[in-house]
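Proteins get letters first, then strands, A, B, ... in listed order; numbering begins at 1 in each. Heavy-atom basis, side chains included; hydrogens, waters and symmetry copies ignored.
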There are 2 protein chains.
Amino acid sequence: MTAGDVAERAGVSISTVSKALSGKGAVRYETKQRILAAADELGFQANHVATSLFTGRTNTIGVITSDQFGRLTVPVMLGAIEKLSEREIALVLCDGRGDPIREQHFIDSFLRRRVDGILVTGAGEFGRDSLRGDLPVPVVYAMSWSRDENDASVVPDDAEGSRMATRHLLSTGREKLVFISGPQRDDASRKRLAATREVLAERGLDLVHAPLFGEWSERWGRQAVKQVILSGVEFDGVVCASDQVARGATEALREAQIDVPRQVGVIGFDNWDVMVEASQPPLSTIDMSLHEVGAAAATALLEAIETGRLEPGIRRIDCEFIPRESTAVV
Amino acid sequence: MTAGDVAERAGVSISTVSKALSGKGAVRYETKQRILAAADELGFQANHVATSLFTGRTNTIGVITSDQFGRLTVPVMLGAIEKLSEREIALVLCDGRGDPIREQHFIDSFLRRRVDGILVTGAGEFGRDSLRGDLPVPVVYAMSWSRDENDASVVPDDAEGSRMATRHLLSTGREKLVFISGPQRDDASRKRLAATREVLAERGLDLVHAPLFGEWSERWGRQAVKQVILSGVEFDGVVCASDQVARGATEALREAQIDVPRQVGVIGFDNWDVMVEASQPPLSTIDMSLHEVGAAAATALLEAIETGRLEPGIRRIDCEFIPRESTAVV
DNA sequence: CTGAAAGCGCTAACAT
DNA sequence: ATGTTAGCGCTTTCAG
């Protein structure tokens, strides 16, 4: 099933078939119809491989992840997929697992396949190393950002998200806040703490307890709250750097007969459906708009592919505040 | 950067370069070294597109999902990716969303791209329609299975998993079991119920309460247990068709001052880390080995691509029982 | 408006 | 052991 078959059936030459189907050359209306009909009858689909060989573009972009497509990277990837499939661009995936050797291997494979561009993603606990300097195709980092300022990265505006969270808690009349997060070395932990403190400072306030760093788990959230309660410090709001932590915190409060949201407000981060909805009460939280992060990264990559220009630096996508009961005013 | 450049640099012809690099033709050791050196210096990577055009194989397989790569399909896809990347086979992804029009669109795109095979995946609540009869490449369904008996599908052995769960509960000395599941129309619900009853029947037992169908959520798990408690029926074990349901059930039991596992044992299904670990106590459960499902589907597809033969029918992959505290004997 | 011909980068017979 | 040649299926000048 090639263009030759269609040509034969329509009684024209191969090049006329090509022109008719691509719509690029000048073909008489009537012959065009004949060709289209023939192509249709034969179910002809132009061989994309051959086209790519000629044009040098594969309409394919390589996606490499460092975290096995987890909870954070999947939405990013879906956002990118959606954007790219509008333009008939396919994604080929591979899982670098954060191992530079594996990554290098896959990059080579991408280059052999002549992908038009590369998207790098990952959970983004830390800034990551640049892939390597001399790639012949544009590279965009999504969610996971490159420490190299000449690279282009798209990430959620974490800091502003945390500010929104804190401002919201303050706006419900609470002033005695506690901050619970995951590991201290994680980028997200540090940024979210700094942002929380910044908002408090603007109002002449500070956290009423030293920030609590642990792990990204419900268990830690529970434990941290118990610790705060034990410390005897008075508090009326808990800023959590993840929904898991927030859910754990909420549970521990309930167990200690402290009413959420009446006595203490709790806000999470992530808008992870299974956490925020199952929590009692459901959690107010910050949505990182990961879908948009992926879509924006894809758009930037597309533009770079088409124009050859890629604006370096880190682009931040707005987060969204999602109100639920855990911070309601009662 | 083509084979021609390498040839020129090594002072040989293009075909000799091809032979040297592919290792297929006979090339004198010394010239081969020269060619390898030249290729290395130039950083030459053979153009995969050109090779594909010639060989007719793209070393690419298309993956189409009906559920946006959710919690169940991601591990399946990762299992497949791992298997396939061993052989330098890439996956191109798209998201059909269960919409036949979209699916058709992507299938066409796959065919234009001359993928070597197609993998269909999805959460598998129901058996799905076959893609369409006359595809020129092999198709394997993973997790989501095709209702057409001529197709090849790979799924977890759900029924045996449920039997294991029930047998385990019985083995801990419990006999008065309750069954809580998601929507009744879901395939998984019905199969898991049937399997549970089958094991009970073997021992001359039956559920002590009518099976409870609702949704795949913690909330429903909580509600269902409350309902059972309210009914006044005596029970000492809860078979749940998902970890979310099991976690909700466990919570409701705790709230009702019923000790898990001392008074009632609870077993889940999925081995979803964030659920089983955060539950108090942690949940015993059944792992569906989704990674293996993906890997097995990939293997079957590879074989079909290589040999042209694809064994039709549904292949079931063993589940694994994961003991934790919620069913411990105390 | 249509067709012949060259070529994208590679492979594999077939010479030499 | 190496080189020459003819494609893989398409696009695109360039003639006619």
Report task. Take the C1' atoms of the five end pairs on each side of the helix from C:dC1-D:dG16 to C:dT16-D:dA1, derive the two axes, and give their angle rounded to 10 degrees. Result -> 50°
Under 4.0 Å between any heavy atoms, over every strand shown, what does [X] touch: base, sugar-phosphate, or nothing? Just pick one.
X       : result
A:Thr31 : sugar-phosphate
A:Phe44 : sugar-phosphate
A:Ala3  : sugar-phosphate
A:Ser15 : base
B:Val49 : nothing

Could you give the [atom1]-to-[atom2] distance, from [X] to [N], as a whole number of Å?
X        : N      : atom1 : atom2 : value
A:Asn47  : D:dC8  : CG    : C1'   : 9 Å
B:Lys19  : C:dA12 : NZ    : C1'   : 8 Å
B:Arg57  : C:dC10 : CZ    : P     : 19 Å
B:Met1   : C:dG9  : CE    : P     : 10 Å
B:Arg112 : D:dC10 : CZ    : P     : 12 Å
B:Asp5   : C:dG9  : CG    : P     : 9 Å
A:Ile14  : D:dG9  : CD1   : P     : 10 Å
A:His48  : D:dT11 : NE2   : P     : 11 Å

Query raised in the report: Do A:Thr60 and A:Ile89 pass the side chain to side chain contact (heavy atoms under 4.5 Å, CB included) test, and can you show the C-alpha distance, the side-chain angles, and the key distance before you say yes or no?
Result: CA-CA 5 Å; A:Thr60 301; A:Ile89 292 176; 5.8 Å; no
Report task. Answer yes when B:Arg87 and B:Glu306 have at least one side-chain N-carboxylate O distance shorter than 4.0 Å, and no when they do not. Result -> yes
**Report entry** Donor-acceptor pair present, B:Thr16 side chain and D:dA1 base, under 3.5 Å
**Finding:**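 By the distance-only test, no, there is no pair.
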**Report entry** A:Arg128 NZ/CZ over A:Trp145 ring centroid, <6.0 Å and within 45° of normal
**Finding:**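 The answer is no, since A:Arg128 fails at least one limit relative to A:Trp145.
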Whether the side chain of [X] engages the backbone of [Y] through a donor-acceptor N/O pair (distance < 3.5 Å, no angle test) should be reported.
X        : Y        : value
A:Thr73  : A:Ala123 : no
A:Arg34  : A:Ala10  : yes
A:Thr121 : A:Ala142 : yes

**Report entry** Flag side-chain contact, heavy atom, 4.5 Å: B:Met143 against B:Leu72
**Finding:** yes
Query - Note, B:Leu301 side chain near B:Ile61 side chain (heavy atom, < 4.5 Å) - result: yes
Report task. Assign each of B:Gly25 and B:Leu53 to its nearest nucleotide of DNA chain D by heavy atoms, then name whichever residue's nucleotide is nearer the 5' end. Result ->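 By nearest-heavy-atom nucleotide position, the 5'-most residue is B:Gly25.
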Requested in this report: Between A:Gly4 and B:Gly11, name the one whose nearest nucleotide on DNA chain D is closer to the 5' end.
Outcome: B:Gly11
Report summary line: 5'-most contact on DNA chain C (nearest-nucleotide basis), A:Phe54 vs B:Val17, goes to A:Phe54
Query raised in the report: Which of these nucleotides, D:dG3, D:dC10, C:dT11, is closest to any side-chain atom of B:Thr51?
Result: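 The answer is C:dT11.
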Query raised in the report: A:Thr2 side chain N/O closer than 4.0 Å to the phosphate oxygens (OP1, OP2) of D:dG9?
Result: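 Answer is no, no contact under 4.0 Å.
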